[in-house]
Protein chains: 2
Amino acid sequence: MPGAAGRPPRGEARRALILEAALRVLGEEGASAVTHRRVAREAGLPLAATTYWFASKDELLADAYRLAADTDIARMRRLSTEYAERARADLAGALTDLLAADLAASRTSLLAAYSLWIEAARRPALRPIEEEWTRAYVEVVEAVLRDAGSPHPATDAELLVATLDGLLLAQLALAHPDPAAALRPQLERLVAALLRAG
Amino acid sequence: MPGAAGRPPRGEARRALILEAALRVLGEEGASAVTHRRVAREAGLPLAATTYWFASKDELLADAYRLAADTDIARMRRLSTEYAERARADLAGALTDLLAADLAASRTSLLAAYSLWIEAARRPALRPIEEEWTRAYVEVVEAVLRDAGSPHPATDAELLVATLDGLLLAQLALAHPDPAAALRPQLERLVAALLRAG
DNA sequence: CTGATTTCGGTACACATGTACCGGTCGGTC
DNA sequence: GACCGACCGGTACATGTGTACCGAAATCAG
């Protein structure tokens, strides 16, 4: 690749570039750091690029939320098929690996997601995105649980998703050196308790 | 009470007033709304009051976190003794009522707490507070579980606390009209699964 | 009371921020 | 080639922001 840097992207490609930059800034530095100028700098674009593609900062944030949700839902569905066999044999182990991989790969994305989640609690306009995101997770987990012979797949799916969120949040703040080691016994215990006939 | 408004507080009392105002603003309008001026207005004090009692905005936020943690830990310990008998007889019911009461009484406090939690994931200086807060919850829940005859009180306490956080977070964003109705079956299922001998 | 110290509140200032504006450039279409 | 709308990027501006400052008022020690 001669020139290395590539042509600066134009048109709609810039939109995505800006949204990804906004999510990065949100995850790394928090909501109060998300300004037009900071996002533009992060994206390597001039200030006017952010105001051209988004009517306001609120719109930028809402679109970023939408992008994060869509991207993650697609990723999670992909993973759920990849891990399907493994999950049937060792659900707790599969979940442990998934969470640990998330933590290892991108605490930034997780922080951005949870920041937006909390923001959705304050701004009704964001709630549909949050609902869709959560529903997608619950549906996938429910299918997995059904597959694993769960006695109460519907209730347990919501429960399990809530627990996974709680565990992830705890790991984010507590910064355990080896998340998998901390998560494995808890997930094994939970899965064992839920999968027992009842 | 003649004059109704009472004398404007002076000295250290103002500190607390400012911290409470900061938590209120954080919960209601988010991190980016927490400015010296906004907090001062919320507290009914002049701008200089915030800069006099706190060396910087970071310090103000850290102290607010400390106050929120201490207040909530004390409240939770108090409730745990009040609910002790009830918890032994009907743990799921007691937990449902506690969460529903939290949601009904102050979504603002909850949002502030979770915002600070996420902030703690980014700023190591805040982590000790978060660790203490979580540890306090885990200890209380562990005692309750032991009391209820749990087979694995240590593991299950961490698990249960994570789940409660996840469920609360979900209720905050989804704004279910009757949180108790949504939470009860999930908590009954979880408690039943965890308390069964194993 | 007197003087020292703490607390108070108004103000100042340098800088960041959201957003509007406007002349220029690009990529197609006749 | 001429044209046109979409796109770009530099700049302007009113307002918000963190923080410093300073003289006044309240509080306390002797």
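Chain A is the first sequence line, chain B the second, and so forth, proteins listed ahead of strands; every chain is numbered from 1.
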Would you kindly give the [atom1]-to-[atom2] distance between [X] and [N], to the nearest whole Å?
X	N	atom1	atom2	result
B/L45	C/dG9	CG	P	7 Å
A/I18	D/dC8	CD1	C1'	11 Å
B/F54	D/dA20	CZ	C1'	18 Å
A/H36	C/dT19	NE2	P	5 Å
B/L47	D/dG16	CG	P	13 Å

Hey, does the side chain of [X] come within less than 4.0 Å of [N]'s phosphate (OP1/OP2), counting only N and O?
X	N	answer
A/R15	D/dA6	no
B/R14	C/dC8	yes
B/Y52	C/dT7	yes
A/W53	D/dC8	yes

Q: With the side chain of A/R10 defined as its heavy atoms from C-beta on, choose the nearest nucleotide among C/dT7, D/dC7, D/dG10.
A: D/dC7
Q) Taking the side chain of A/R37 as its heavy atoms from C-beta onward, which of D/dC8, D/dG10, C/dG18 lies nearest to it? A) C/dG18
Q) Can B/L110 and B/L103 be said to form a side chain to side chain contact (heavy atoms under 4.5 Å, CB included), step by step? A) CA-CA 8 Å; B/L110 289 170; B/L103 283 164; 4.0 Å; yes
Q: Just call it for B/T35: base, sugar-phosphate, or nothing, with non-hydrogen atoms closer than 4.0 Å on any strand.
A: sugar-phosphate
Q. Just by modelled atom types, is the B/G27 backbone N or O under 3.5 Å from a matching donor or acceptor in the B/R107 side chain?
A. no
**Q.** Main-chain N/O of A/L194 paired to B/R189 side chain as donor or acceptor, under 3.5 Å
**A.** yes
Q: Looking only at non-hydrogen atoms, find the nearest pair between A/A43 and A/I18 and report the distance.
A: CB-CA, 4.4 Å
